[in-house]
Amino acid sequence: MPRPPTKPALNSPFLPLAASLPSPRALPPTRLSPEKRPRRLSSAAVSAAASTSFSADPSAELRALCSHGQLAQALWLLESSAEQPDEDAYVALFRLCEWRRAVEPGLRACAHADDRHAWFGLRLGNAMLSMLVRFGETWQAWRVFAKMPERDVFSWNIMVGGYGKAGLLEEALDLYHRMMWAGVRPDVYTFPCVLRSCGGIPDWRMGREVHAHVLRFGFGGEVDVLNALMTMYAKCGDAVAARKVFDSMTMMDCISWNAMIAGHFENGLLSDISFAKEMHGLAVKRGFATDVAFCNSLIQMYASLGMMGQARTVFSRMDTRDAMSWTAMISGYEKNGFPDKALEVYALMEVNNVSPDDITIASALAACACLGRLDIGVKLHELAESKGFMSYIVVANALLEMYAKSKHIDKAIEVFKCMPEKDVVSWSSMIAGFCFNHRNFEALYYFRHMLADVKPNSVTFIAALAGCAATGALRSGKEIHAHVLRHGIGSEGYLPNALIDLYVKCGQTGYAWAQFCAHGAKDVVSWNTMLAGFVAHGHGDTALSFFNKMVKTGECPDEVTFVALLCACSRGGMVNEGWELFHSMTEKYSIVPNLKHYACMVDLLCRVGQLAEAHNFINEMPIAPDAAVWGALLNGCRIHRHVELGELASKYVLELEPNDAGYHVLLCDLYADAGRWDKLARVRKTMRDKGLDHDSGCSWVEVKGVVHAFLTDDESHPQIREINTVLEGIYERMKASGCAPVESHSPEDKEVSKDDIFCGHSERLAVVFGLINTAPGTLVSITKNQYTCQSCHRILKMISNIVRRDIIVRDSNQLHHFKDGSCTCGDEGYA
DNA sequence: TTAGGGTTAG
């Protein structure tokens with residue numbers, strides 16, 4: 001025996017149900033592997049049964065009905081007959097139920113037998129076990145197993161395998177141990193059953209122990225057992241041991257090759273294209289290339305290497321393809337950045353009448369999410385519902401993401417709420433989905449709720465950090481940072497970059513810099529994030545020298561790098577540097593400027609007053625300018641009060657984005673600053689007609705780890721009276737010192753100032769709320785969804801001077817750090 | 001005349 005029996009042997013007929021056994025409620029939902037076709041009755045068996053004359057013997061009658069496949073009648077007979085059927089009749093009925101996958105009748109027959117038997121004989125017990133395990137009824141199977149005084153290796157195999165399949169991996173290993181203690185000699189089927197659970201946990205030590213048993217019991221030459229061993233080692237991350245098993249095999253089948261490829265792939269060892277091709281060639285030579293599962297593996301192998309052409313060749317040469325073959329192609333295209341091709345393959349699959357499985361639908365949904373194809377996504381949703389796939393967590397998760405990425409977050413919430421079980425992916429997708437839909441508030445709310453339910457992973461943290469960064473929730477972000485450190489995953493995936501971004505966006509350049517320096521595997525994103533941080537804080541010179549350092553280190557800049565750099569030049573009025581960088585993009589770095597770069601250049605030229613040059617620049621663009629490019633010109637015209645050119649720009653802007661409230665407001669500001677009240681009124685009327693007149697300005701401020709949101713003219717906050725009193729006080733002090741802001745009033749409408757209508761003032765409420773609820777000297781950090789208006793900008797500068805506090809306002813456009821009466825933005829655009 | 005191992009996933 002491999003181990004001394006420390007637990008009582010599980011061999012008595014009246015064995016107490018051990019406490020370690022799972023309760024029925026604890027059983028996880030099972031996704032049963034694709035069904036093996038139920039065996040059909042041979043025609044000989046049917047005719048033999050048909051020739052049996054019906055007798056008064058209910059057992060014989062029951063057997064005959066079963067052999068004719070008349071399940072309903074058989075069940076009726078069983079339940080209505082007063083007499084107890086014999087063991088053979090029961091066995092026939094259970095087998096029929098198993099073949100038919102008739103769960104409900106099977107369970108009824110099971111209850112019938114259970115009521116009338118104190119114990120089950122070997123044949124009857126095994127038939128019941130087999131059926132129950134096939135149905136995923138692990139708990140019922142355990143009850144039957146406990147009522148079997150005699151058990152053979154088959155009974156044990158079913159139990160070990162069944163528990164493993166139901167996801168009760170630890171329990172499966174426990175059963176295997178008990179089998180050993182009971183002195184049952186394992187057979188060739190036992191090892192694959194138990195090794196599956198070792199790999200699934202994964203439990204390498206136990207796997208090695210089972211490996212020793214394999215050798216001790218003399219199964220070291222069995223292909224099936226060795227295949228299972230190889231897979232177990234691969235799943236436990238021991239590619240070397242897996243390879244050793246593979247090399248020791250004197251006989252192998254296509255499963256061996258498949259396990260080898262899959263094992264290498266899982267352990268990330270298949271990055272070598274020539275090795276992959278060699279594996280392919282060898283397998284073809286040995287005649288395995290016709291096996292469907294093997295070809296599916298090859299497709300996946302090539303897809304993971306980004307070689308979709310090769311994958312397609314394998315796919316097209318297959319004589320028969322199953323749903324997995326199609327799914328492997330769909331997911332391959334989707335993962336390699338060809339979601340449109342993925343959907344083409346899916347359409348072709350439909351034309352070929354291949355029924356998609358849950359993973360096909362999940363993969364196709366992922367492609368829809370990439371493309372924002374809500375139309376196809378909705379059809380897939382309907383299909384998933386009709387096929388009963390909504391209970392599969394992968395399908396629901398893929399659906400969530402599709403809806404979130406198609407800007408239908410409410411639909412995603414609906415799907416999420418209907419999910420009976422949610423895993424870390426479901427929660428992470430919702431958090432990321434909220435951020436994607438600019439509903440960061442809810443992202444953090446979901447994150448907090450998630451912690452009570454599911455253990456977060458690096459993807460969750462990245463999504464939650466994005467939510468904090470977007471709302472400027474520094475304290476919540478720091479809390480998440482602490483979680484990350486506790487989980488020991490601070491350097492996992494994109495987490496280091498997400499942390500740099502958090503601190504940059506919350507105005508904590510020092511922390512960001514510390515994170516950047518500590519990040520051992522910096523990539524272009526790390527550099528870009530830090531660079532954007534310097535730019536946002538108005539450190540244009542630092543940004544440029546940082547860029548030089550980046551290039552010297554050997555990091556290759558990308559288009560994002562240049563957006564940040566051109567932005568720095570624009571903010572700092574560095575026209576020459578801007579032109580130099582713009583030209584270097586194509587000349588030095590082979591980066592084709594995109595619309596964002598053009599918009600930055602227009603902004604740069606406009607800010608230094610070169611409006612005509614900016615206009616020329618737009619006219620000479622090799623690509624069609626978008627609203628942002630014209631918008632930059634419009635903004636420049638607003639700053640320099642150039643109404644005519646501004647009107648021209650606004651014509652293009654509003655043609656391209658007719659329903660954007662922001663651009664309308666910009667035009668209003670242009671007219672207001674130039675004192676053109678007639679034209680201003682006209683734009684305001686257009687806005688009213690289009691329903692764009694409601695101010696959706698919103699500012700967030702985090703106090704003691706809770707993010708508070710303020711809307712324009714928000715009177716709903718519990719502390720609003722206090723806030724207003726403080727605001728008034730500040731106003732009085734400003735007046736007394738003779739620096740109260742001048743509001744530009746419209747002469748026709750003396751009651752309402754320009755700022756009251758358009759600027760929102762929500763940042764004023766949020767700033768004051770932050771000031772009165774935090775300790776003296778603490779930095780107050782606000783995030784706003786629109787750009788800060790001139791009046792608020794002036795007032796906040798003054799407030800920072802009066803109260804001697806640092807105030808950071810991150811608006812939709814830039815970051816303002818107010819200190820001692822001035823702002824880091826250099827008052828650009830706030831002249 | 002019952003069982004096992006390989007492939008597709010967010």
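In what follows, chains are A, B, ... by sequence order, proteins preceding strands, each numbered from 1. For clarity, every value in this text was computed on a predicted model and none was experimentally measured. Side-chain atoms are counted along with the backbone in the values below, which use heavy atoms only and exclude waters and symmetry mates.
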*asked:* Quick check for you: among B:dG10, B:dA3, B:dT7, whose closest atom lies nearest to any side-chain atom of A:Ala262?
replied: B:dT7
*What distance do A:Thr138 atom OG1 and A:Glu171 atom CD have between them, rounded to the nearest 0.5 Å?*
9.5 Å
_Minimum-distance nucleotide to A:Val223 side chain [options: B:dG5, B:dA9, B:dT8]_ = B:dG5
_Using whole Å, what does the distance between atom P of nucleotide B:dG10 and atom CE of A:Met402 come to?_
14 Å
*Gap between atom OH of A:Tyr302 and atom OG of A:Ser297 - 0.5 Å precision*: 12.0 Å
*Whole Å only: how far is the CE atom of A:Met128 from the P atom of B:dA3?*
17 Å
*Compare side-chain N and O positions of A:Arg95 against OP1 and OP2 of B:dT2 and report whether any pair is under 4.0 Å apart.*
no
_Options B:dA9, B:dG6, B:dA3, nucleotide nearest the side-chain atoms of A:Phe154_ = B:dA3
*When the distance from NZ of A:Lys235 to C1' of B:dG6 is rounded to whole Å, what number comes out?*
9 Å
*To the side chain of A:Ile359, which of B:dT7, B:dT8, B:dA3 is closest?*
B:dT8
*asked:* Without decimals, in angstroms, what is the distance between A:Asp88 CG and B:dT2 C1'?
replied: 14 Å
*Can you tell me how far P of B:dG6 sits from CG of A:Leu226, to the nearest Å?*
14 Å
*asked:* Considering every strand and a 4.0 Å limit on heavy-atom distances, what is the contact class for A:Ile261: base, sugar-phosphate, or nothing?
replied: nothing
_When you measure from the side-chain N and O atoms of A:Gln300 to the phosphate of B:dT7, is any distance below 4.0 Å, counting only OP1 and OP2?_
no
*asked:* Taking any heavy-atom pair under 4.0 Å as a contact, classify A:Phe294: base, sugar-phosphate, or nothing.
replied: base
_For B:dA3 and A:Lys165 - does any side-chain N or O of the residue sit under 4.0 Å from the phosphate oxygens OP1/OP2?_
no
*Between atom CG of A:Leu132 and atom CD of A:Gln140, what is the distance when rounded to the nearest 0.5 Å?*
6.0 Å
*In terms of side-chain heavy atoms of A:Ile393, which of B:dG5, B:dG10, B:dA3 is nearest?*
B:dG10
*asked:* What contact category does A:Cys254 fall into here, base, sugar-phosphate, or nothing, at under 4.0 angstrom with non-hydrogen atoms?
replied: base
*asked:* To check you understand the geometry: which heavy-atom pair defines the closest contact between A:Phe389 and A:Asp358, and what is its length?
replied: CE1-N, 3.5 Å
*Starting at atom CD1 of A:Ile361, determine the distance to atom C1' of B:dA9, rounded to an integer number of angstrom.*
13 Å
_A:Ala228 side-chain proximity, nearest of B:dT8, B:dG10, B:dG5_ = B:dG5
_For a quick check, tell me whether the side chain of A:Asp253 and the base of B:dG5 share a donor-acceptor pair closer than 3.5 Å._
yes
*Looking only at side-chain N and O atoms, does A:Ser331 come under 4.0 Å of OP1 or OP2 in B:dA9?*
yes
*Residue of the set A:Trp156, A:Trp139, A:Trp119 for which ring-ring contact (aromatic ring centres under 6.0 Å, His included) holds with A:Phe145*: A:Trp156
*Whole angstrom is fine here: how far is it from CG in A:Asp357 over to P in B:dT8?*
12 Å
_What is the separation between atom NE2 on A:His381 and atom P on B:dG10, rounded to the nearest whole Å?_
18 Å
*Can you measure from CE (A:Met206) to CE (A:Met232) and round to the nearest 0.5 angstrom?*
10.0 Å
*Quick one: is A:Arg134 getting a side-chain N or O under 4.0 Å of the B:dT2 phosphate, OP1 or OP2?*
no
*Mind checking A:Lys335 for me? I need base, sugar-phosphate or nothing, with any heavy atom below 4.0 Å counting as a touch.*
sugar-phosphate
*asked:* Regarding A:Thr231, tell me which of base, sugar-phosphate or nothing describes its non-hydrogen contacts under 4.0 Å with the strands shown.
replied: sugar-phosphate
*Within the structure shown, what part of the strands sits under 4.0 Å from A:Asp322 by heavy-atom distance: base, sugar-phosphate, or nothing?*
nothing
*asked:* By nearest atom, which of the nucleotides B:dT2, B:dG10, B:dT7 is closest to the A:Asn258 side chain?
replied: B:dT7
*Test of ring centre spacing under 6.0 Å for A:Phe447 and A:Trp427*: no
*Per the atom types in the model, does the base of B:dG6 pair as donor or acceptor with the side chain of A:Asp291 at under 3.5 Å?*
yes
*With a non-hydrogen cut-off below 4.0 angstrom, is A:Glu222 in contact with a base, only sugar-phosphate, or nothing?*
nothing
